[in-house]
Amino acid sequence: MKNTNNGIRHLNRLAIFANVVEKGSFTRAAETLGLTKSTVSQQVKKLEDELDVQLLNRSTRSLHLTDEGARLYGAGRSMLDIANHAFSEVSSLHEEAVGRIRLTAPHNLGVTFLDQCIVEFRRLYPGVDFDVVLDDSIVPMIQEGFDLAIRVGWPRNSSLYARKLCDFEMLICAGGEYFRDQRRIRVPEDLLQHDWVSIKQLGFGDAIALTNGRGRRVQVKINTRIETNSGLAAREFISRCSGIGVLPGYAIQPDLKSGALVGVLPDWHIETATIFAVFPDRDHMTKRTRLFVDYLVEVAGRLADTE
């Protein structure tokens, strides 16, 4: 007797064999499965060879199960029914907006935008749960089991897929009391004379590119004295007059209105940055995740409207 421990590997052949039995002929089974008659016949023959038994008695006009074939069909049909039920359950979860979305986002975006979106989305789809990890670092999505990441800045080359949510302005700013003790910044070249608070993920390095309304572009050196991976921490450092820096406009509008922060070089602009949703698989995204991304695209315009 040949090794029969490979049944799972031959589940496809078992499904073809069961279809032949139920349809009563190789021809009708082939039509149902979308295969050629010869392919169906070959797969059943390979199954017989693997098991070293004859499953069907064939004649020119009919097929009859052998005793071994009847036993295999009875047990195999139960196995196929269980598999089909499992596939159906998973497929229904894909089609329904239920289940958990595990996502990661920066702290600043999480508490100024994403939290509100999740609350509103769950009112529309109460069957969706969220596991939210706020982390200003770029976490490895697949290794950490995330369905979705919301990222801020400028898109980097990646094997992941990204969908743009909205653009936003990055603003140079200082603490409200900063210029009481420091000289004013009137031209871009003055930036080098001031301490700088940098957010690592923005990747400016030791220089920053600025463009004015007339299209003039300059690149000026910056003197980073404090570097952090946290946008919230950077905002605190800047508001406490530890230096000047770049912060996302959507996150600091209340601070600008209250005077806790003041704009620097308002006639000069940094390249517009983007908020985008990142996901590992575009073709097999669950319905709940796809709906949430669509919802984020719909409401992300609120950020631009606040600037």
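- In this structure, CG in Asp255 is found 7.0 Å from OG in Ser239, a value given to the nearest 0.5 Å.
- Every side chain to side chain donor-acceptor pair (under 3.5 Å) that Arg163 has, sequence neighbours left out, goes to Asp294.
- For Val132, the side chain to side chain contact (heavy atoms under 4.5 Å, CB included) test picks out Leu103, Ile118, Phe130, Leu134, with sequence neighbours left out.
- Applying the side chain to side chain donor-acceptor pair (under 3.5 Å) rule to Lys37 yields no partners; only residues at least two apart in sequence or on another chain are considered.
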### Task
Could you go through the salt bridge (charged side-chain N to carboxylate O under 4.0 Å, His left out) check for Lys45 and Asp49 one step at a time?
CA-CA 6 Å; Lys45 183 65 168 61; Asp49 290 344; 3.0 Å; yes
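- Heavy-atom neighbours of Arg240 CZ from other residues, nucleotides or ligands within 6.0 Å: at or below the threshold of 12.
- Tyr250 contributes atom OH, which lies 4.0 Å from atom CG of Leu109 (distance to the nearest 0.5 angstrom).
- At least one donor-acceptor pair under 3.5 Å links the side chain of Arg102 to the backbone N or O of Glu144.
- Note that the CZ atom of Arg217 and the OG1 atom of Thr211 stand 5.0 Å from one another [nearest 0.5 Å].
- Remark: side-chain polar atoms of Gln43 are not paired, donor with acceptor, to backbone N or O of Ala15 under 3.5 angstrom.
- With values rounded to the nearest 0.5 angstrom, Asp52 atom CG is found 10.5 Å from Glu68 atom CD.
- A 4.5 Å side-chain heavy-atom check between Val128 and Phe292 finds every atom pair outside the cut-off.
- Considering only residues two or more places apart in sequence or on other chains, Glu22 meets the side chain to side chain donor-acceptor pair (under 3.5 Å) condition with Tyr73, Arg77.
- For the side chain to side chain contact (heavy atoms under 4.5 Å, CB included) test, residues two or more places apart in sequence or in another chain that qualify with Arg214 are Asn212.
- Across all their heavy atoms, Thr224 and Ser198 have their closest contact at OG1-OG, 2.9 Å.
- Between Cys173 and Ile252 there is a side-chain heavy-atom pair separated by less than 4.5 Å.
- Note: Tyr125 and Phe121 have tilted aromatic rings, judged against thresholds of 30 and 60 degrees for the angle between ring planes.
- Rounded to the nearest 0.5 angstrom, Ile185 CD1 and His194 NE2 are separated by 4.0 Å.
- Once rounded to the nearest 0.5 Å, the distance linking CG of Asp195 with OH of Tyr178 reads 6.0 Å.
- Under a 3.5 Å cut-off, the side chain of Arg288 and the backbone N or O of Val98 do form a donor-acceptor pair.
- Applying the salt bridge (charged side-chain N to carboxylate O under 4.0 Å, His left out) test to pairs two or more places apart or on separate chains, none has a residue in residues 106-119.
- Here the side chain of Thr112 pairs no donor or acceptor atom with the backbone of Ala251 at under 3.5 angstrom.
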